[in-house]
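The model shown is predicted, which means the values in this text are computed figures rather than measured ones. Naming convention: chains lettered A, B, ... in sequence-line order (proteins, then strands); numbering from 1 in each chain. All values below come from the heavy atoms of this structure, side chains included, with hydrogens, waters and symmetry mates left out.
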Protein chains: 2
Amino acid sequence: MHDSIEIEEIKKCSVQYILAVNDTLNVISGKWKLPIIGSLLFGKKRFKELQRDIAAITPRMLSKELKELELNSIIKRTVYDTIPVRVEYELTDSGFKLNHVLEAMVEWGVEHRENVLNN
Amino acid sequence: MHDSIEIEEIKKCSVQYILAVNDTLNVISGKWKLPIIGSLLFGKKRFKELQRDIAAITPRMLSKELKELELNSIIKRTVYDTIPVRVEYELTDSGFKLNHVLEAMVEWGVEHRENVLNN
DNA sequence: AGAGTTGCTATACTAAAGGATACTAGTATA
DNA sequence: TATACTAGTATCCTTTAGTATAGCAACTCT
């Protein structure tokens, strides 16, 4: 249709296509990653702030997910040497760019829900 | 347009935003849904064709995933009264539109991989 | 008769994801 | 001394996702 040549080429090779999509999928799938990324889209947050934002998450899961997101370079963790210690989490540039993906997902999700209800 | 205003409003409400994204995410997450959708993007397929396309999938998983995708109105199942019986799976309009989401995911996945390797 | 095709299902299992609850160190405040 | 705050860990348990292997009915082909 009207996509860049580079992306057209990737699509031609369905294996590469699926691999790239899987990379993205792995980064955002699971129960808590979207709520965390969603919260951080509004600005940097501390551990307890995230825990308050995401009502039902346990510290174990929050800690685990934050570590994974950091490993995948989606978020950046900064420790401040204050008393008490202060740890801030924020999206990296790459992490922030996920909102394009999320926007595509919102659009599809809304449209699909309408289609399903109207049929 | 009515649609774009609606979508803008949803984005402002982070809870709705996350719910809509989750709808989409639930439809495509898991180990086998992308390979199945990816295969069907190239046209309708029969059960055994899908099984051959997706080398490592067991019939149990293929059957399970196809049922889920059908329930979510992503694919349509058609049984032909031939001998031997012939069952064809194809993407619905809604299912086909998922490629916009997948395209956004490919773009991000490729770019992210480059960023991570170059740092 | 025996083997092969199609489109599955049944049963039993392992692995991964997630939850519940309690706990830690270091510091500050009451 | 007891309590509370920060940012997490440790341990154990349950639930969900996925795997392995076998089998079935209804046919066709050799």
Distance, rounded to the nearest Å, where [X] contributes [atom1] and [N] contributes [atom2]:
{"X": "B:Gln51", "N": "D:dT19", "atom1": "CD", "atom2": "P", "result": "13 Å"}
{"X": "B:Glu68", "N": "C:dC8", "atom1": "CD", "atom2": "P", "result": "16 Å"}
{"X": "B:Leu66", "N": "C:dT6", "atom1": "CG", "atom2": "P", "result": "16 Å"}
{"X": "A:Tyr80", "N": "D:dA7", "atom1": "OH", "atom2": "C1'", "result": "15 Å"}
{"X": "A:Trp32", "N": "C:dA17", "atom1": "CH2", "atom2": "C1'", "result": "12 Å"}
{"X": "B:Ile57", "N": "D:dT21", "atom1": "CD1", "atom2": "C1'", "result": "16 Å"}
{"X": "A:Lys64", "N": "C:dA20", "atom1": "NZ", "atom2": "C1'", "result": "15 Å"}
{"X": "A:Ile54", "N": "C:dG18", "atom1": "CD1", "atom2": "P", "result": "13 Å"}

Item to complete: Taking the side chain as every heavy atom from C-beta outward, state whether B:Leu66 and B:Leu62 have any atom pair closer than 4.5 Å.
Response: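 They are in contact (side-chain heavy atoms under 4.5 Å apart), so the answer is yes.
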
Worksheet item: Within a strict 4.5 Å, meaning less than it, do heavy atoms of the B:Asn99 and B:Ile37 side chains meet?
Response: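 Side-chain contact under 4.5 Å: no.
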
Select one nucleotide: of [options], the one nearest the side-chain heavy atoms of [X].
{"X": "A:Ser63", "options": "D:dG8, D:dA7, D:dG18", "answer": "D:dG8"}
{"X": "A:Arg60", "options": "C:dA10, C:dC8, D:dC12", "answer": "D:dC12"}
{"X": "B:Arg77", "options": "C:dG7, D:dT6, C:dT21", "answer": "C:dG7"}
{"X": "B:Arg46", "options": "C:dG7, D:dG8, C:dC8", "answer": "C:dG7"}
{"X": "A:Lys48", "options": "D:dG8, C:dT6, D:dT6", "answer": "D:dT6"}
{"X": "A:Pro59", "options": "D:dG18, C:dC8, D:dG8", "answer": "D:dG8"}

Discussion item. Salt bridge (Lys or Arg N to Asp or Glu O under 4.0 Å) for B:Glu68 and B:Lys33? Distances and angles first, verdict last.
Written reply: CA-CA 9 Å; B:Glu68 256 182 79; B:Lys33 279 176 200 137; 3.0 Å; yes

Discussion item. Any side-chain N or O of B:Lys31 below 4.0 angstrom from OP1/OP2 of C:dA16?
Written reply: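 For C:dA16, OP1/OP2 do not have a side-chain N/O of B:Lys31 under 4.0 Å.
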
Worksheet item: So what does B:Tyr89 hit on the nucleic acid, given a heavy-atom distance under 4.0 Å: a base, only sugar-phosphate, or nothing?
Response: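 Sugar-phosphate contact only - B:Tyr89 comes under 4.0 Å of backbone atoms but never of a base.
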
Item to complete: State the pairing partner of D:dA4; accept Watson-Crick or G-U wobble contacts with both distances under 3.5 Å, and report none otherwise.
Response: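 Matched D:dA4 with C:dT27 under the 3.5 Å cut-off.
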
Practice prompt. Please step through side-chain contact (heavy atoms from CB on, under 4.5 Å) for the pair B:Ile75 and B:Thr92, ending with a clear verdict.
Written response: CA-CA 5 Å; B:Ile75 64 173; B:Thr92 59; 5.5 Å; no

Discussion item. Closest-nucleotide mapping onto DNA chain C: is A:Glu65 or A:Ile83 further toward the 5' terminus? I mean the 5' end.
Written reply: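 Upstream on the strand: A:Glu65.
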
Discussion item. Tell me whether the count of non-hydrogen atoms from other residues, nucleotides or ligands lying under 6.0 Å of CG in A:Asp81 goes above 12.
Written reply: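 Not buried by this count: 12 neighbours or fewer within 6.0 Å.
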
Worksheet item: Pick the nucleotide of DNA chain D nearest each of B:Gly30 and A:Arg52; which residue has the one closer to the 5' end?
Response: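 Going by which nucleotide is closer to the 5' end, it is A:Arg52.
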
